[in-house]
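Following: one structure in structure tokens, then a few remarks.
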There are 2 protein chains.
Amino acid sequence: MAGRGETRERVLRTAAELFQRQGYHGTGLTQVLAESRAPKGSLYFHFPDGKEQLAAESVALSGRELAQALRAAAGEASDGRAGIVALGEYFARALEESDFSKGCPVATVALETSAASEPIRTACEGAYGDWLDGITEALRGWGVPDSRDVGELVLSSLQGAVMLARVRRDAGVIRTVTARLAELVPRA
Amino acid sequence: MAGRGETRERVLRTAAELFQRQGYHGTGLTQVLAESRAPKGSLYFHFPDGKEQLAAESVALSGRELAQALRAAAGEASDGRAGIVALGEYFARALEESDFSKGCPVATVALETSAASEPIRTACEGAYGDWLDGITEALRGWGVPDSRDVGELVLSSLQGAVMLARVRRDAGVIRTVTARLAELVPRA
DNA sequence: AAGTAGGTGGACCGGTCGGTCTAATCTGCT
DNA sequence: AGCAGATTAGACCGACCGGTCCACCTACTT
């Protein structure tokens, strides 16, 4: 038998990646199970509420991990301008390296389900809240006034640009947008 | 028999609305047919390539109509600041009036399918292209330099903000974001 | 060694999916 | 009137959907 909770973790990570690439309704449980080499019984043992719970936890997991990556990217930057560009570069690279299939790990599921499933909607809202907190914090550190409002602008622009980039199969928008955004922030 | 092409039109409009609310995979043909009171035979007569064609045409239709609405909203504005705010207000109201179920008519389908269906992806890209052209044109009219790049920023921010608003069930972000965006534009 | 949770393997279920097909029906033309 | 093409009507198809169920195996307890 595999280690404690090992199967649960494997299923969850597989699900998170598939949801990110194909969305909620586009991802079948059969596919999740096949790719994580787990039987159906295990799924419903670890996630009694089925697909909905799996999606909510996937979104929460992706949200936590991305928030961490964002904080790291922002932390390394010498000033605000470099920081914002680094944020964009993170998404741009992820997109390019995955042949434009790995965009925002939350957006697709969020749009599909936020009107239909309250648990998933709440998980998505939480993820975005974490990111906004991280960005706001970084902006404040860089001396940006009204950092919360500017944070909303940065988060929105980034989300929109990542979506546009996926549709166009060209990450150029992300770089254009972050370059413009960077001008809102004082130099070091 | 109904007028020429009347059934086709009815099916297409119903599909466009359902795709906007529920996404591609979340919308069944059965539902489209039931709500547009059309039999399956008609669907495959008017749309021989099935669901994929229906989605591509729905996106194109929504794109055309929204581009028109955007141009109208921008045209009425006295200056750039008012224009950008009006753009945001258009989406904010649509969201609020539909209990946050009618967001961007393209985004959900775009994210779900752009990696899997080239015809749909192309249709989405076209819709976004039209909007960008409209916004860029308006910005140029308002005397904004580098209007194309700023247009990309405006489009991205708006898209991201509309998505966030749906998830939060609160259109506040849209207004916050457009207020910030408006500052990028010279006063009348 | 026997008992018992914790976890796995997978057959099975009703329902719905997108799609096909053929018969019936309408409309305009001659 | 009667033909021809356009359109509708919906039964039907195999595949797959998410979900349930239970027999089974394994590791730890006593």
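Below, chain A is the first sequence line, B the second, and so on; all start at residue 1.
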query: Between A:Arg13 and A:Glu17, is there a salt bridge with N-O shorter than 4.0 Å?
result: no
Separation of C:dC17 atom P from B:Glu52 atom CD, nearest Å, is 18 Å
**Message:** When you measure from the side chain of A:Arg81 to the backbone of A:Pro186, do you find a donor-acceptor pair of N or O atoms at a distance under 3.5 Å?
**Reply:** no
In whole angstroms, the gap separating P of D:dC17 from OH of A:Tyr24 amounts to 13 Å
Separation of D:dT26 atom P from A:Phe45 atom CZ, nearest Å, is 17 Å
Only residue of B:Cys124, B:Cys104, B:Pro105 satisfying side chain to side chain contact (heavy atoms under 4.5 Å, CB included) with B:Ser62 is B:Pro105
Comparing nearest nucleotides in DNA chain D, the 5'-proximal residue of the pair B:Lys40, A:Lys51 is B:Lys40
* Asked: Considering residues, nucleotides and ligands other than B:Gln68, do more than 12 of their heavy atoms fall under 6.0 Å from its CD?
  -> no
From CD of B:Glu6 across to C1' of D:dT8 the rounded distance in Å is 13 Å
Separation of C:dT20 atom P from B:Tyr44 atom OH, nearest Å, is 6 Å
By nearest-heavy-atom nucleotide on DNA chain D, the more 5' of A:Gly41 and A:Gln31 is A:Gln31
### Query
Does B:Thr30 have a side-chain nitrogen or oxygen under 4.0 Å from the phosphate oxygens OP1 or OP2 of C:dC17?
yes
B:His46 atom NE2 is separated from D:dA6 atom C1', nearest whole Å, by 9 Å
